[in-house]
Amino acid sequence: MGACIHLSMSSTKIGILTGRYRAVGEGDDSSTIIDLFGRSSEGKSVVVSVSGLCPTFEFSSVHIDSIDEITPEHQQLIDAVNVLEHVEEVTGPVMKWTHFGQRPVWTVRTTQPFHVPSLRKKLESMNFTLYSADIPFVNRLFLDLDLAMHVEIQAEPILEHEFRVDVAYEIGIEQITTCEPFPVPFTICSFDLETSIENNSILCGAAWIESNDGSRRTHKVFVGQETEILASMTSYIHEHDPDIITGYNIDNFDLPRIKERMMRHSKKGEWQRQSEFFGWGRCAQTEQEASRNRDGLIPQRLSNRSWTVCGRIFMDAWWQARQALRPKRETLSFVAQLLFPEQEGKHKMDIDASNMDEEWANRREEVMEYCVRDAELPLDILNEIQAVRRTEAVASVARVVMDTATNGSTSQLIDSLVIRLADKKMVAVPRTGSAEPKEGQITGGYVHDVDAGLYPWVAVLDFKSMYPSIMIGKNICYTTRIEPSEPSPPPHHKAPTGAMFMTSEEKKGLVPFLLEGLMEKRDEHKRALGIAKQQDDAAAVGFHDAMQYAVKILMNSFYGVFASGFYRFTHRDLGSSITAWARQNIKGVITSLEQEGLSVVYSDTDSIFVQVPELQGVAYFSSNDAESVDLNLHTSTMFEFGTQLAQRFSKDSAVLEFEKGLSVFFSHGAKKRYLGQVIWPNEEMLVRGYETQRTDSFQFLIDSMNTLFQFVLKDQRDELVAFAIEQVHALKRNQVDVAQLVLSKSCKGKVLKTPVTSLRDVDFAAEYANPDSMAQVRVARQMIERGLGFTSGMKVSFIVEDGSKSPVTVKPWWDEEESLSYDGTYYAERLATALGRITEAFGWTAKDLMQGSRQSSLFSF
DNA sequence: CCGCGAGCCTAC
DNA sequence: TGAGGTAGGCTCGCGG
């Protein structure tokens, strides 16, 4: 090959973390530049400054409904907009679909995004209807250029710039496109602080860096004067330049604490000093950057939302762990123990956090070691739950920046897809909150009554992606709804509620179109996942699994967002039509099955539990003796029955699937609580709803109930009753280790000042009608008084000391506590109540369990 | 002792 | 100004 001459610019792939905009130039010559921050596929931190996009929004007039009949009076109305201050240009009209039908729509272009709110107000007062008027400017870029999180730019780096990144580019909008998703080699920093309870000062800090370049994790300890700690942590951030900053509960503790100490050591307006302490952003150290109230030099949080800083994102390991794991308790040591049970030394609590000042005075080295360890654990946690990869997959599928996938709301993800398509299909985009509010609740799914008892051989059928399928099948969309007053409606589907939606031949809805695409996308990733598994390609398995999961999450989010009262593309008929069709489908199937003489044991929303007639009378549990059940034979009988039934009752888009085969199903007679022995597609115990599934239960109850369930599924009646009595009595006699009796409940409270250091900082009455009657509030109060902080919504753990009092007396439980006394009778009664619901199906009530004998035997005939 | 509402958490 | 939904079981405190 000869010498290669570069005619085109080089190409760089980047994963975008977050973006912001800034004004350049003065007055009428000013324009807006969008800075996108991210990390390139080669591992460089990058800023891409994009110019060429102007802020716009759209409007229509009630007086003008056709492009062909624009009178001079009409034109006057439009011209009045053109002469408004800060209006650069009015273009149009183009015809767009609005919920008043097809209408001419004009576009207003202005110079700066911050002019939009005042212009919006002005046009509203002039009686125009506004569209696309509340889209954040960075989102506008993503929508207009159809960008997703992973992009490719054609550009050469620029040498002079103000940003604190490895490489900077300045491009026009034609130089950036979406590319195939790739695993972005993010650099993550995790940190932790130890602080004084006496005076709130920072005693020491520790931080870890994990680069995705194959190098080992490194860490640093920060000690000394508080100002030195703050300054060197800030230098550390810039030196290692992380994309993602994590830590355990940093949103509600460490970040607020750093901000508070920054203020303590600086005066108002001393922006240079403040930047030295907390200027973590990837931007210039200027007064302007320091005073930005979001995405600036200094991390900020607007109201109760997430923290923002220029160019990096915060990902709180507490929040991630809570969402992914739903742990029974939420302390760092508990979550670490849950994930890494074998690494006991890693999370043994050897420092008394409620006595930090004394610990710091006497055992400084140990406290620092403890701090280093607690700073590292969030990295392990995020890795273990694959938080970054999964979030990246969601960002990729929803076509949003990483920050939105991490800290944004569900409606932002849906918006990203729906608005893009609306623009393409010439559908005007109404503003959030513009829909008529929902009147009361809509009716939801149908739940079938269930009788107490053991039911052998039950096939579980369910509708595949029920709500999305209905939305596709019935073409349910904001854009396909027909007004009930319409005298001659086009061809349509009519919901049981009477609402009408055009057929897809007439006009395909945006939402059904998107859902179909997502379904296909999921199938593709599932297929690729299967191939990757066969080929033992771990990277591909991880990628396709994360992607198919992200698609599933997104698909299932559509119904909720569209059934909500405030979403921009909703109408109250959408949600109620979806659920009405769902109820009609499932009730129809149940009725048909029953007419055929089949026994429907249970059903919830999209599932149906049917007994297999051919197997009734056949023993359903395997025992060790010679008469063991021929499981293979029965499984295939069940499979035949289930698949045939599913096929027979599948209709159009309502596809029934044989989901599970149970050799036995048990219910004590309450909806949403059952257990079963699954024999197909794998063998496992299935439990729903019962205390074993609940995070506000206690471990001894959970363990006892699980054992009881094993007996139930084998129909070992004598054993199960004897076991239940034995467990209840162990509690009655206080023979159970108190660590097995920890109760945990989430506790809310309006936080008036973060971090919380005194009872005055939290208003519990804002969340509870009678706060002092709530055990979790009394526990939270005790913990705040001990200097252990408080986060609204976080679980608190406690032991019941005296359950005979009303309200019950409780003591907080924290990890180092070992010898708390407890009210054995209270716990025995709770256990007996829970187990009694099960044993009652076998003739033993909770009362019987408490006294250890059967009083009700008198009536058992 | 019972019924009711507040609150939590789950199933889907 | 902030924002997925409804159905349902169960515990506790309170008042009759």
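So you know, we letter chains A, B, ... as the sequences are listed, proteins then strands, and number each from 1. As the structure is a prediction and not an experimental result, all values here were calculated from the model.
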Any base atoms under 4.0 Å from [X], or only sugar-phosphate, or nothing? Heavy atoms, all strands.
| X | value |
| --- | --- |
| A/Arg583 | nothing |
| A/Phe558 | nothing |
| A/Ser411 | sugar-phosphate |
| A/Arg837 | sugar-phosphate |
| A/Thr432 | base |
| A/Gly575 | nothing |
| A/Gly444 | sugar-phosphate |
| A/Lys438 | sugar-phosphate |
| A/Ile414 | nothing |
| A/Phe463 | nothing |
| A/Thr579 | nothing |
| A/Met466 | nothing |

Given [options], the nucleotide with the shortest approach to the side chain of [X]:
| X | options | result |
| --- | --- | --- |
| A/Arg305 | C/dG13, C/dC10, C/dG2 | C/dG2 |
| A/Ser806 | B/dC12, B/dC8, C/dG13 | C/dG13 |
| A/Lys671 | C/dA7, B/dC9, C/dG9 | C/dG9 |
| A/Lys672 | C/dT6, C/dG8, C/dA3 | C/dG8 |
| A/Arg688 | B/dC8, B/dA11, C/dG4 | B/dA11 |
| A/Asp604 | C/dT6, B/dA11, C/dG4 | B/dA11 |
| A/Glu691 | C/dC10, B/dG7, C/dT6 | C/dC10 |

For [N], does OP1 or OP2 lie under 4.0 Å from any side-chain N or O of [X]?
| X | N | result |
| --- | --- | --- |
| A/Asn770 | C/dC14 | yes |
| A/Arg326 | B/dT10 | yes |
| A/Thr605 | C/dA7 | no |
| A/Tyr826 | C/dC12 | yes |
| A/Arg673 | B/dC12 | no |
| A/Gln441 | C/dA7 | yes |

- Item | Upstream residue (5' side of DNA chain C) when A/Thr410 and A/His668 are each assigned their closest nucleotide | A/Thr410
- Message: On DNA chain C, does the nearest nucleotide to A/Arg694 precede the nearest nucleotide to A/Arg830 from the 5' side, or the other way round? Give the residue.
- Response: A/Arg694
Would you kindly give the [atom1]-to-[atom2] distance between [X] and [N], to the nearest whole Å?
| X | N | atom1 | atom2 | answer |
| --- | --- | --- | --- | --- |
| A/Phe665 | B/dA11 | CZ | C1' | 13 Å |
| A/Phe698 | B/dC9 | CZ | C1' | 16 Å |
| A/Asp449 | C/dA7 | CG | C1' | 12 Å |
| A/Lys587 | C/dA7 | NZ | C1' | 13 Å |
| A/Gln776 | B/dA6 | CD | P | 15 Å |
| A/His448 | C/dT6 | NE2 | P | 24 Å |
| A/Lys847 | B/dC1 | NZ | C1' | 11 Å |
| A/Phe609 | B/dA11 | CZ | P | 12 Å |

[X] ring center near [Y] ring center (under 6.0 Å):
| X | Y | result |
| --- | --- | --- |
| A/Phe558 | A/Phe569 | no |
| A/Tyr455 | A/Phe666 | no |
| A/Tyr131 | A/Phe57 | no |
| A/Phe698 | A/Tyr827 | yes |

- Note on the structure: Rounded to the nearest 0.5 Å, the CD atom of A/Glu330 sits from the OG atom of A/Ser744 at a distance of 7.0 Å
- Angle separating the five-pair end axes of the helix from B/dC1-C/dG16 to B/dC12-C/dG5, nearest 10°, is 10°
- Ring centroids of A/Phe566 and C/dG2 base under 5.5 Å with planes under 30°: no
- Query: A/Ile608 and side-chain contact (heavy atoms from CB on, under 4.5 Å): which partner among A/Asp604, A/Val610, A/Asp606?
  - Reply: A/Val610
- Given DNA chain B, 5'-ward residue of the pair A/Tyr674 and A/Lys748, judged by closest heavy atom: A/Lys748
- Message: Both A/Ser746 and A/Asp606 contact DNA chain B. Which one's nearest nucleotide lies toward the 5' end?
- Response: A/Ser746
- Are side-chain heavy atoms of A/Val779 and A/Trp813 found at a separation under 4.5 Å? no
- How far does the P atom of B/dC12 sit from the matching atom of C/dG4, given to the nearest Å? 23 Å
- Message: Taking only the P atom of each, what is the distance from C/dG5 to C/dT1 in whole angstrom?
- Response: 16 Å
- Query: Has A/Tyr768 got more than 12 heavy atoms of other residues, nucleotides or ligands less than 6.0 Å from its OH?
  - Reply: yes
- Item | CD/A/Gln323: more than 12 non-hydrogen atoms of other groups inside 6.0 Å | yes
- Option passing salt bridge (charged side-chain N to carboxylate O under 4.0 Å, His left out) with A/Glu691 (candidates A/Arg830, A/Arg837, A/Lys328): A/Arg837
- Item | Passing option when A/Tyr467 is tested against A/Trp581, A/Tyr559, A/Phe562 for ring-ring contact (aromatic ring centres under 6.0 Å, His included) | A/Tyr559
